[in-house]
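Take a look at the structure set out below.
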Amino acid sequence: MSLIVQKYGGTSVQDIDRIRNVARRVIQTRKEGHDVVVVVSAMAGETNRLIELARSVSPNPDEREYDQIISTGEQVTIGLLALALQSAGQPARSFLGHQVKILTDSVYSKARIKNIDAQVIFDTLKKGMVVVVAGFQGMDEEGNITTLGRGGSDTTGVALAAALKADLCEIYTDVDGIYTTDPRICPEALKLKKISYEEMLELASLGAKVLQIRSVEFAAKYGVNLVVRSSLNDNEGTRVTKEDKDMEEVVVSGITLNKDEAKISLRRLVDKPGIAMKIFRPIAEAAINVDMIVQNISEDGHTDMTFTVPRTDLVRAQGIIKKVAEDIGCKKVDADEDIAKVSVVGLGMRSHAGVASKIFQTLAENNVNIEMISTSEIKVSVVVKKKDGEKAVKVLHEAFELGGKG
Ligand code: ADP
Ligand code: ASP
Ligand code: MG
């Protein structure tokens, strides 16, 4: 007998019919002789609704109360799924994050899991029950409820699989697996049979929200056997796994689009040591993730600095930068939300030259202006105007021949 963790996302539990469908799949897995731990998200749209409720009372809500509120969607779905399983004759018990002791740090709304005390899960499985756990939430050392960031149920699923040493972690969603790009933007996208942890980490961090980035970090760190597949059919899905030889041969494996960032520019900074530290230290202390940073070449002792942050952190970042700008004598700070980041990812870029120039040529031919560029060993990202984001994904997908031609 093996142990399988199955995580079902919001669309897979969006109504009672879908919850019954999940119950059927779980029971089928039990019939095949496996122990099952299920992690569920809130019903599709519910977390957004809760966020709006909180913001309607307070536009800049207290972080602790905000997490108290937005974590509740999952409490409903675990209870409903446990009931659906019981009604179908399968004993089941649901647990909130703190009831299985998912211990996190205290960084509200993007808490990190520190430890999972899996004893209660093992005890419950031993009684022949299915264990249903609320995704997205945990508890800090002081007993406060925390949430793990949008899409965080993936991380609950994978972290549980690691803690329980599960044989398999299945992430069930509304597409058949991981594609060369978002199949909703580019219908020609091809499903990948497998992808390395490393490439998936890049895709996730660059905006392919099919897996939350921290779930991929956990999977890579603990070697979790991970599969992404659809809850609505029996198609095979995509395996996320250790890198192997034939993966290296693929130059480009995927393209991502991220429309959830904003850029901040500080103009005419005095070009002297310590300026970057003064700008980015307080931003880091506020737990705001800076992504791309571009500093122009200095001209008459002055330079411009531009960087991107998550759009949800823009107002906080602007508040911080306003103070810093006064301190360092910078008179002009601009913010721009009208951007999209498009990234091309592939392990084979390590050994193949010319990917960046092909990207620039393709975008030029299609009249897409590039505002920022950043590269790493296995990716190239460009920032373009928001309206050009989807077009850029499509033309690059075609230029790198990722579609279903062959
Ligand atoms: P869930 O609610 O199940 O967690 P998400 O909406 O978080 O589902 O993630 C699934 C979505 O991710 C898909 O519907 C798809 O639009 C999007 N997506 C983005 N990039 C990719 C990709 N490369 N492959 C598959 N899906 C992708
Ligand atoms: N319900 C949470 C969200 O919408 C967590 C998740 O779905 O993974 O972000
Ligand atoms: Mg998700």
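Computed over heavy atoms, backbone and side chain alike; hydrogens, waters and symmetry mates excluded. All ligand and atom numbering here is 1-based and tracks the order in the structure. Here the structure is a predicted model, which means the values were calculated and not measured.
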Closest to atom 25 (C) of ligand 1 (judged by heavy-atom distance), picking from Gly177, Ser41, Gly152: Gly177
Which segment of Gln212 sits under 4.0 Å of ligand 2 when only heavy atoms are counted: neither
Side chain to side chain, Tyr197 and Lys221, heavy atoms closer than 4.5 Å: no
Closest approach of any protein heavy atom to atom 11 (C) of ligand 1, naming residue and atom: Asp174 OD1, 4.0 Å
Aromatic plane relationship, Phe307 with Phe280 - under 30° parallel, 30 to 60° tilted, over 60° perpendicular: perpendicular
Short N-O contact, Lys386 and Asp338, less than 4.0 angstrom: no
Enumerated ligand 2 atoms positioned under 4.0 Å from heavy atoms of Glu74: 1 (N), 2 (C), 5 (C)
Atom 2 (O) of ligand 1: the protein heavy-atom neighbour that sits closest, reported with distance to 0.1 Å: Gly10 N, 3.2 Å
Distance from atom 24 (N) of ligand 1 to nearest protein heavy atom, with residue and atom: Tyr179 N, 2.9 Å
Gly10-ligand 2 polar pair, N/O distance under 3.5 Å: no
Test: Lys358 cationic atom under 6.0 Å from Phe400 six-membered ring centre, within 45° of axis: yes
Test side chain to side chain donor-acceptor pair (under 3.5 Å) applied to Thr155 and Arg214, Lys7, Gln212, the passing residue: Gln212
Min heavy-atom dist Pro183 to ligand 1 below 4.0 Å: yes
Heavy-atom gap Gly9 to ligand 2 smaller than 4.0 Å: no
Which of the ligand 1 atoms, numbered from 1, are nearer than 4.0 Å to a heavy atom of Ile178: 24 (N)
Side chain, backbone, both or neither: Lys209 near ligand 1, heavy atoms under 4.0 Å: both
Pair Thr303, Ser298: side-chain N/O donor-acceptor within cut-off below 3.5 Å: no
Options Thr173, Leu190, Val228, ranked by nearest heavy atom to atom 8 (O) of ligand 1, top entry: Thr173
Any donor-acceptor pair under 3.5 Å from Arg316 side chain to Ala286 backbone: yes
SB check Glu261 Arg311 (cutoff 4.0 Å): no
Lys242 atom NZ, over 12 foreign heavy atoms within 6.0 Å: no
Nearest non-hydrogen protein atom, atom 17 (C) of ligand 1: Asp182 OD2, 3.7 Å
Shortest protein contact, atom 27 (C) of ligand 1 (heavy atom only): Val210 CB, 3.8 Å
side-chain hydrogen bond (donor to acceptor under 3.5 Å, both in side chains) between Gln28 and Glu32, worked out: CA-CA 6 Å; Gln28 180 59 33; Glu32 288 160 12; 3.1 Å; yes
Ligand 1 versus Thr181: contacting region, heavy-atom distance under 4.0 Å: backbone
Per-atom contacts, ligand 1 versus Arg184 - under 4.0 Å to a heavy atom: 13 (C), 14 (O), 15 (C), 16 (O)
Heavy-atom check, side chain of Leu103 versus side chain of Asp117, under 4.5 Å: no
Polar atom proximity, Ser41 to ligand 2 (N or O, under 3.5 Å): yes
Sidechain N-carboxylate O distance under 4.0 Å for Arg229, Glu170: yes
Atoms in ligand 1 with a heavy atom of Lys7 nearer than 4.0 Å: 4 (O)
Arg150-ligand 2 polar pair, N/O distance under 3.5 Å: yes
